[in-house]
Amino acid sequence: MADWAGGKGALIDRLGAEERWPQDPLGGKSLEPLIEDWRKDSAAERLLTTLEHPRVRTLIAGIVAGSPYLRSEFARHPARLDDALRADPERRFAELTAALASDLDAAPALPAAMTVLRTYKAAVAQLIALADLAGVWDVVEVTRALSAAADAALQGAVRFLFRQAIAKGEWLADPSGADLASGYIVLAVGKYGACELNYSSDIDLIIFFERAKARLKEGVEPQTFFVRLTRDLVRLMDERTAAGYVFRTDLRLRPDAGATQIALSTDAAALYYESFGQNWERAALIKARAVAGDIEAGEDFIAELAPFIWRRNLDFAAIADIHAMKRQIHAFRGFGGIGVAGHNIKLGSGGIREIEFFVQTQQLIAGGRQRNLRTRQTLATLGVLVEAGWIESATAADLADAYRYLRWIEHRLQMVADEQTQEVPSDPAPLESFARFAGYAGTDAFSDALRSVLSRVQRHYAGLFEDAPELTSEGENLVFAGEKDDPGTVAALTRLGYQRPADVLASVRGWHHGRYPAVRSPRARELLTEVQPLLVKAFAATIDPDRAIATFDTFLAELPAGVQLFSLLKANPALMRLVADIMGTAPRLSRILSRRRRLLDAVIDPRAFGALPTAEDLDALVAAEMAQARDPQDVLDRARVVGSEQSFLIGVRVLSGSINASEAGIAYARLAESLIAALAADVEREMERVHGRVPGGGAVVLAMGKLGGWEMTASSDIDLIVVYDYDQAATQSDGAKPLAPSQYYARYTQRLISHLSAPTAEGGLYDVDMRLRPSGQKGPVAAQLSTFRDYQASEAWTWEHLALTRARVITGPPELRRAVEEAIRATLTRPRDPAVIAKDVRDMRARIESEKGTDNIWDLKQVRGGLVDLEFIAQHLQLVHAGAHPEVLDQNTQAAFRKLAGAGVITPGDAGRLIQAARLVHNLTQVVRLCIEGAFDPTTAPVGLTVLLARAGGAPNFQSLEGELRESLAGVHQLFSELVT
């Protein structure tokens with residue numbers, strides 16, 4: 001390992017074997033264009049002399065040919081290149097690091113400190129690359145140097161930030177060493193903690209602080225101070241400037257990263273690890289090392305966490321957890337077999353991660369009892385495992401050689417373009433170029449060497465996890481007969497991914513025993529025998545196979561017969577995957593499916609996953625269904641059949657990803673409009689048949705709320721207002737049983753409500769809410785146009801006008817529609833007192849919060865920053881500004897924000913944040929309402945649903961989604977305070 005004091009001689013005097021150097025395919029000519037440029041640069045004069053050395057010229061030519069990044073650095077900084085070549089690399093590294101500390105001491109402000117840090121990183125990165133590529137330092141020395149550079153940068157940055165805090169009067173301490181006794185702990189984990197950084201590595205950090213050691217000015221809260229300091233630290237390290245960056249910094253390995261601040265108190269962290277810590281967190285903390293700030297406090301805290309990391313009892317469950325992580329990587333990224341082109345040498349089969357897992361699992365199992373296994377470095381731990389008798393020395397030697405080689409290749413992959421990559425190039429030309437950069441004569445020689453190493457690692461890793469589940473199911477022989485579980489089938493189900501194979505066997509055995517009506521007929525069981533292996537494998541392909549098959553078992557129990565279902569599945573194998581996805585992700589849809597078997601017929605229609613039907617298509621579909629009705633009751637049944645069928649198909653499209661959640665909101669609203677229009681027409685015909693027509697009469701239906709705003713979900717009720725008008729000379733309708741106009745339209749409205757909401761043999765259609773009508777529940781169910789106008793002009797409360805911003809006329813005669821729309825527009829565009837409206841809105845929000853307030857971020861409607869706040873902001877701003885800017889009116893929340901920004905009412909930045917927040921909340925609401933009934937609890941939700949939510953929210957995983965959701969809610973809450981004034 002390198003001695004940073006130096007004394008071994010200049011780099012150019014210690015050059016390694018040329019067969020390991022980067023090879024120039026042009027025989028050294030790749031360097032000539034640079035030399036021409038250097039001859040015009042006085043700063044390169046000494047470098048040109050250095051390059052007269054034949055071996056030096058050969059080395060630099062090979063580097064320039066294979067690495068655009070290093071070529072660019074050499075071109076811009078020839079003197080730096082010459083200094084690195086002529087210097088003793090260990091001494092040069094020590095000099096650069098000492099200069100960093102003194103330069104940071106002199107930095108007056110953050111921008112200057114950022115430049116100092118980036119200049120240092122560029123210089124040491126070039127030095128380390130040369131020492132590596134020239135064979136002067138081995139892999140261990142290179143990773144140690146990169147880690148030492150990160151230590152120096154972090155330590156200098158933290159010292160600088162504490163000096164800044166002292167200068168501001170926030171931190172009360174002597175500037176010399178203020179960081180060292182501060183209680184501010186910067187822990188390195190992962191490769192960095194083990195001093196095994198790669199060339200373009202991120203650094204994984206966890207930041208803690210000890211409240212008791214904080215020396216803050218009175219009134220400065222420790223959490224706020226340390227979070228701000230950490231943000232500045234990340235900016236110093238991570239932000240790209242004209243001078244580049246220092247290290248990309250990742251803080252996501254901290255406890256409960258989606259819900260916690262980026263700096264966490266040691267008390268809170270200790271409580272978390274003790275109560276909720278996971279095996280993967282134990283694995284991450286194996287390599288934890290205090291690297292900056294209060295290092296003594298950091299090492300003490302690591303020691304405090306030892307009982308969590310190193311458990312005394314054998315913990316073979318850790319193997320399953322870590323191997324499950326490995327399987328997820330392979331399943332998600334497609335890393336299966338061993339290849340060369342495009343192979344990921346870190347995450348792929350036979351890669352670095354398998355060596356690390358091989359070592360870490362055994363540390364987790366035995367480290368609680370054998371303290372000598374509590375080591376950080378991979379290579380050192382392999383030696384200890386041999387000494388402790390856990391592995392054979394030949395295995396350790398194989399893995400150690402492979403580790404050195406793969407890390408050596410990894411550095412070269414990253415040196416090509418200074419990218420954090422571990423993927424071998426896929427295309428032939430870049431692959432050939434890289435092979436030469438790695439010192440090989442060409443692709444074939446490189447491929448043979450790499451494949452040999454990967455195969456050895458894979459063999460040893462497979463030996464450790466020889467009983468772990470596989471991801472393939474081909475050739476499995478599944479036997480469900482007999483009273484006892486077949487061992488081969490148990491193993492096969494385990495390989496398929498089932499965690500509880502005995503439960504799967506019990507369920508399938510029960511089907512064959514005719515436990516449910518659906519499987520009591522011989523034909524049903526015959527068909528089941530044919531489709532059952534495909535079903536089991538389809539469920540295995542879901543996120544949570546055990547839940548999927550358990551839900552299907554419940555679904556099957558509710559079916560009166562199974563022949564049709566099994567026949568459909570046999571004829572349409574693709575339908576099995578859809579059924580499996582529904583069972584594993586959407587319990588609500590599975591219950592609907594069990595009650596409405598006809599829905600499966602709709603799903604296999606080739607049009608099911610095509611373009612969403614237009615309004616005209618839906619109107620025609622509904623009309624065709626209604627035309628077949630035999631009697632008034634059949635009209636209601638057919639409306640429910642077509643409504644549930646089309647709603648289910650919208651949900652299936654969301655589940656399959658063929659439409660997004662926003663498109664679904666429009667589709668659900670469009671469907672509701674078609675059904676309301678058809679049922680309103682049926683009510684109108686029935687009223688005319690019995691009571692005749694009111695002279696000059698007509699009625700319109702106003703859609704309010706989610707229906708009015710095109711934001712319906714799978715379980716939304718519908719908010720409606722009915723407005724009518726008639727010839728003022730008329731006193732009654734002209735039918736056999738005449739009614740006064742007010743009675744006529746009241747009955748019309750009541751029948752419409754019944755048509756929409758009454759349960760029939762085919763279930764319900766929509767719950768109808770009429771509380772937004774004039775005078776609310778105390779007023780008549782339908783309002784005459786004049787009454788509607790007068791009420792809105794003189795009696796309506798602010799909240800009713802807010803609701804009116806989402807009003808949309810969806811049925812009725814054109815002339816009356818225009819009159820109602822004009823009345824709404826006149827109401828919304830009249831001048832308002834902004835202070836009065838703002839006070840009313842704030843009072844309303846406070847009342848709602850007192851009754852329904854919650855801290856649960858998954859109560860997406862009521863939580864602060866959620867749907868209620870978003871709608872209040874949009875409606876308040878429209879109500880206040882529509883008088884001067886009528887163009888801001890729009891029933892849809894996101895569209896309203898866009899129009900408000902277009903009119904200059906809010907800034908584009910605020911509009912963007914609100915639109916993004918509204919999109920996130922609506923997307924998540926759409927998925928939750930589609931998949932489950934009742935409240936969403938992430939601790940009990942199907943894993944498939946959390947994955948679907950992450951996809952809908954555009955997040956890489958559910959933990960990240962929760963973090964993004966919390967940030968979004970906090971931002972909207974803040975904007976509510978700023979905009980509703």
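Scope of the values below: all heavy atoms of this structure, side chains included, with no hydrogens, waters or symmetry mates.
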Using only atom types and a distance under 3.5 Å, with no angle test, would you say the side chain of [X] pairs donor to acceptor with the backbone of [Y]?
X: Tyr120; Y: Ala101; answer: no
X: Thr378; Y: Glu356; answer: no
X: Glu354; Y: Gly350; answer: yes
X: Gln362; Y: Phe358; answer: yes
X: Gln223; Y: Ala263; answer: yes
X: Glu962; Y: Gln959; answer: no
X: Gln363; Y: Thr375; answer: yes
X: Arg144; Y: Val140; answer: no
X: His411; Y: Thr143; answer: no
X: Gln377; Y: Ala380; answer: no

Notebook entry, point to check: Can you tell me if CD on Glu296 sees more than 12 non-hydrogen neighbours from other groups inside 6.0 Å?
Noted result: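 For Glu296, atom CD is not crowded (no more than 12 foreign heavy atoms under 6.0 Å).
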Check: Around atom CZ of Arg371, are there more than 12 heavy atoms of other residues, nucleotides or ligands at under 6.0 Å?
Finding: no
Check: Step by step, would you call Asp294 with Lys213 a salt bridge (charged side-chain N to carboxylate O under 4.0 Å, His left out)?
Finding: CA-CA 10 Å; Asp294 194 334; Lys213 297 184 75 172; 2.6 Å; yes
Notebook entry, point to check: After noting the C-alpha distance and the side-chain angles of Ser265 and Glu210, does the key distance pass the side chain to side chain contact (heavy atoms under 4.5 Å, CB included) rule?
Noted result: CA-CA 6 Å; Ser265 75; Glu210 288 189 17; over 6 Å; no
Notebook entry, point to check: Who passes side chain to side chain contact (heavy atoms under 4.5 Å, CB included) against Asp151, sequence neighbours left out?
Noted result: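 So Asp151 forms a side chain to side chain contact (heavy atoms under 4.5 Å, CB included) with Gln155, Tyr192, Arg289, Val291.
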Next item on the list: Apply side chain to side chain contact (heavy atoms under 4.5 Å, CB included) to Val416 and list each qualifying residue two or more places apart in sequence or on a separate chain.
Entry: Pro68, Phe434, Phe437
Measuring only between side-chain heavy atoms, which start at C-beta, is [X] closer than 4.5 Å to [Y]?
X: Thr115; Y: Thr241; result: no
X: Phe162; Y: Leu229; result: yes
X: Leu100; Y: Leu117; result: yes
X: Leu385; Y: Thr395; result: no
X: Leu127; Y: Arg80; result: no
X: Arg451; Y: His343; result: no
X: Phe247; Y: Leu205; result: no
X: Phe446; Y: Leu450; result: yes

If you look at every heavy atom in [X] and [Y], which pair is closest and at what distance?
X: Pro425; Y: Leu413; result: CD-CD2, 4.0 Å
X: Thr260; Y: Pro255; result: OG1-O, 2.8 Å
X: Ile166; Y: Ala173; result: CD1-O, 3.5 Å
X: Leu104; Y: Ala157; result: CD1-N, 4.0 Å
X: Tyr405; Y: Val453; result: CD2-CG2, 3.7 Å

Next item on the list: State which residue, out of Arg252, Arg248, Arg254, fulfils the side chain to side chain donor-acceptor pair (under 3.5 Å) condition with Asp250.
Entry: Arg252
Check: Can you name the one residue among Arg228, Gln164, Arg215 that meets side chain to side chain donor-acceptor pair (under 3.5 Å) with Glu170?
Finding: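 Output: one option passes, namely Arg228.
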Checklist line | Ser200 and Asp418: CA distance, side-chain angles, deciding distance, side-chain hydrogen bond (donor to acceptor under 3.5 Å, both in side chains) verdict | finding: CA-CA 6 Å; Ser200 293; Asp418 189 28; 2.8 Å; yes
Could you state the interatomic distance from [atom1] ([X]) to [atom2] ([Y]), rounded to the nearest 0.5 Å?
X: Gln126; Y: Ile63; atom1: CD; atom2: CD1; value: 9.0 Å
X: Glu387; Y: Gln370; atom1: CD; atom2: CD; value: 11.0 Å
X: Phe160; Y: Leu236; atom1: CZ; atom2: CG; value: 6.5 Å
X: Ser393; Y: Asp398; atom1: OG; atom2: CG; value: 10.0 Å
X: Gln422; Y: Arg353; atom1: CD; atom2: CZ; value: 8.5 Å
X: Ile345; Y: Arg407; atom1: CD1; atom2: CZ; value: 9.0 Å

Margin query: Please verify the inter-ring angle class for Phe226 with Trp171; under 30° counts as parallel, over 60° as perpendicular, anything in between as tilted.
Written below: perpendicular
Next item on the list: For the pair Phe93 and Trp137, name the ring-plane relationship: parallel under 30°, tilted 30 to 60°, perpendicular over 60°.
Entry: perpendicular
Check: Could you walk me through whether Ile206 and Leu264 pass the side chain to side chain contact (heavy atoms under 4.5 Å, CB included) check?
Finding: CA-CA 9 Å; Ile206 307 178; Leu264 192 65; over 6 Å; no
Note to self: Between Ser960 and Asn957, is the side-chain hydrogen bond (donor to acceptor under 3.5 Å, both in side chains) condition met? List the steps.
What the structure shows: CA-CA 5 Å; Ser960 297; Asn957 53 54; 2.9 Å; yes
Next item on the list: Pick out which of Asn198, Ile352, Asp202 makes a side-chain contact (heavy atoms from CB on, under 4.5 Å) with Lys191.
Entry: Asn198
Check: After noting the C-alpha distance and the side-chain angles of Arg163 and Asp105, does the key distance pass the side chain to side chain contact (heavy atoms under 4.5 Å, CB included) rule?
Finding: CA-CA 9 Å; Arg163 286 197 300 272; Asp105 284 344; 3.0 Å; yes
Next item on the list: List the steps, then state whether side chain to side chain contact (heavy atoms under 4.5 Å, CB included) holds for Leu130 with Leu81.
Entry: CA-CA 9 Å; Leu130 287 168; Leu81 170 59; 3.6 Å; yes
What pairs of donor and acceptor atoms, side-chain ones from residues 302-309 against any protein atom, are under 3.5 angstrom apart with sequence neighbours left out?
none

Notebook entry, point to check: Any cation-pi pair here, Arg404 with Trp408, using under 6.0 Å and within 45°?
Noted result: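 No - Arg404 does not lie over the ring of Trp408 by the 6.0 Å and 45° rule.
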Item checked: Worked check of side-chain hydrogen bond (donor to acceptor under 3.5 Å, both in side chains) between Arg456 and Ser452 -> CA-CA 6 Å; Arg456 287 204 307 276; Ser452 172; 3.3 Å; yes
